[in-house]
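We count residues from 1, following the sequence as given.
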Amino acid sequence: MNRLNPTPLAEKLQALSLAFGGVTDGRLAILEGLPESARTSGALLATVLGQEIGMGSLARLLRELQSRLGERLLALAPQDWEELCRACRFAWLEEWPHKDALAGWVLSVSDFLRTHGPIEVWQTEFVDPKSLVKAMSRELPWMGSRSPSKVKAWRLARWIVRGELPHGIWEHGHRHALVLPVAAVERPLRALGWTPPSWSDWTAGHKQEWFSSLLEQVDPEDPTRFWIPLETILARGHKGPACQENLKSCVACPVRVDCPS
């Protein structure tokens, strides 16, 4: 593909990005109850804990863990296990299927930070975002060790590298090394009719290769800038479609001709 002669689909993707480029990732709202200095490490913890739990409950869990353990929340060691277990008992989480694993998950994040240092030094600890994602998926639970897409790990890497969280690391030029997993945005791509014929028969690797090639055509220097615009289109908002809430009207939507709603 040639950026000088973009395909119609690439032009639509670019228009979508321009229309929704000011939309922020709603998931970051779960960190608002934490001190700003703890939000980046809190995002790492939230990414691990965010398994079969609503965003509101996850935000509450982070706040209450922070309240009980303070600065020691992600500085605990195996010898603190009994204290950690007591701090991780919440009556309101009784129905959460992972309540018994909570303390172990918190400790795994502490271990990761103890091994690799605080997030502020990761630029020297990891040569690029891909090596960070590889380490997270290998060493942390629910971060995609068996998944080819590793959506949660790449989302966290995007937050850090693109400065969507405090204490962003790596230079702006490292954005090109980020990956937007097609699995994260396959629903809107299919709904808009933007996937190639026989898409359902393609392997996960083939799908990612096609999608990465598309992003390479549109913006090879910052491919993940299209993540939130694609997630926003046709997504559920507070009182209706999130795309309508942001644009105020479907008339202003650059891809309305492809919209099935």
Side-chain angles (χ1 to χ4, degrees), residues 27-28 30-31 33-53 55 57-90 93 96-162 164-170 174 177-179 181:
R27 291 179 178 84
L28 293 172
I30 63 177
L31 305 172
L34 301 179
E36 184 171 342
S37 61
R39 289 184 184 177
T40 305
S41 57
L44 174 62
L45 178 60
T47 302
V48 171
L49 302 187
Q51 186 68 24
E52 297 182 81
I53 187 171
M55 290 295 101
S57 295
L58 180 56
R60 178 183 176 183
L61 177 57
L62 291 175
R63 289 195 305 271
E64 295 192 12
L65 284 171
Q66 176 73 23
S67 176
R68 293 183 180 188
L69 294 166
E71 294 182 358
R72 299 183 64 237
L73 172 58
L74 294 180
L76 295 167
Q79 57 265 32
D80 303 311
W81 178 250
E82 290 187 7
E83 177 189 359
L84 177 57
C85 286
R86 289 194 297 271
C88 288
R89 293 174 187 151
F90 297 94
L93 280 178
W96 188 40
H98 304 291
K99 64 180 185 300
D100 294 333
L102 176 57
W105 291 359
V106 174
L107 185 59
S108 73
V109 177
S110 292
D111 289 342
F112 189 86
L113 292 172
R114 189 162 38 251
T115 299
H116 299 289
I119 291 174
E120 293 83 355
V121 305
W122 282 1
Q123 184 170 348
T124 55
E125 175 72 6
F126 302 103
V127 295
D128 57 25
K130 184 176 181 180
S131 63
L132 167 62
V133 168
K134 184 178 180 180
M136 289 192 295
S137 64
R138 183 179 62 246
E139 300 174 31
L140 291 169
W142 296 106
M143 292 296 274
S145 62
R146 300 181 181 179
S147 167
S149 56
K150 297 177 175 49
V151 173
K152 293 173 69 176
W154 277 114
R155 182 185 290 118
L156 179 64
R158 188 199 84 219
W159 286 345
I160 295 171
V161 176
R162 299 191 79 251
E164 296 177 50
L165 284 169
H167 311 302
I169 57 176
W170 287 294
H174 280 90
L178 291 168
V179 171

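- Ring orientation note: the planes of H116 and F112 are tilted relative to one another, at an angle of 30° to 60°.
- Using a 4.5 Å cut-off on side-chain heavy atoms (C-beta onward), L165 and L31 make contact.
- A donor-acceptor contact shorter than 3.5 Å is absent between the side chain of S67 and the backbone of R63.
- Of all non-hydrogen atoms in F126 and A135, the two that sit nearest each other are CE2-CB, 3.6 Å.
- Of all heavy-atom pairs spanning P129 and A177, the tightest one is CD-CB, 3.9 Å.
- Going from atom CG of L178 over to atom CZ of R155 covers 13.0 Å, rounded to the nearest 0.5 Å.
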*Between W154 and R158, is a side-chain contact (heavy atoms from CB on, under 4.5 Å) present by the stated rule, with each step listed?*
CA-CA 6 Å; W154 277 114; R158 188 199 84 219; over 6 Å; no
Hey, can you pull the donor-acceptor pairs under 3.5 Å for the side chains in residues 44-53, sequence neighbours left out?
residue, atom, partner, partner atom, Å
T47, OG1, A43, O, 2.7
E52, OE2, H98, NE2, 2.8

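- Scanning all heavy atoms of the two residues, the minimum distance from A38 to S41 falls at O-OG, 3.2 Å.
- Here salt bridge (charged side-chain N to carboxylate O under 4.0 Å, His left out) pairs that include residues 130-154, with residues two or more places apart or in two chains, number zero.
- Within the 4.5 Å cutoff, no side-chain heavy atoms of L113 are placed close to those of P118.
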_Candidate pair L102 and L61, rule side-chain contact (heavy atoms from CB on, under 4.5 Å), full reasoning_ = CA-CA 10 Å; L102 176 57; L61 177 57; 4.0 Å; yes
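- Atom CD1 of I160 sits about 10.0 Å away from atom CD of E120, to the nearest 0.5 Å.
- Nearest approach of L156 to M143, heavy atoms of both residues: CD2-CE, 4.4 Å.
- Atom CD1 in I119 sits 12.5 Å away from atom CD in E125 (nearest 0.5 Å).
- Applying the side chain to side chain donor-acceptor pair (under 3.5 Å) test to pairs two or more places apart or on separate chains, those with a residue in residues 73-88 are R72-E83.
- Considering all non-hydrogen atoms of both residues, S110 and A75 come closest at OG-N, 3.7 Å.
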*Take L84 and L69 through the test side-chain contact (heavy atoms from CB on, under 4.5 Å) and record every step on the way to the result.*
CA-CA 8 Å; L84 177 57; L69 294 166; 4.0 Å; yes
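- For the atom pair R89 CZ and D100 CG, the distance stands at 10.5 Å (nearest 0.5 Å).
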*asked:* Between W96 and F90, is the side-chain contact (heavy atoms from CB on, under 4.5 Å) condition met? List the steps.
replied: CA-CA 10 Å; W96 188 40; F90 297 94; over 6 Å; no
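- Taking each heavy atom of V106 and C88 in turn, the nearest pair found is CG2-SG, 4.3 Å.
- Interatomic distance, CZ of R39 versus CD of Q66, reported as 11.0 Å (0.5 Å rounding).
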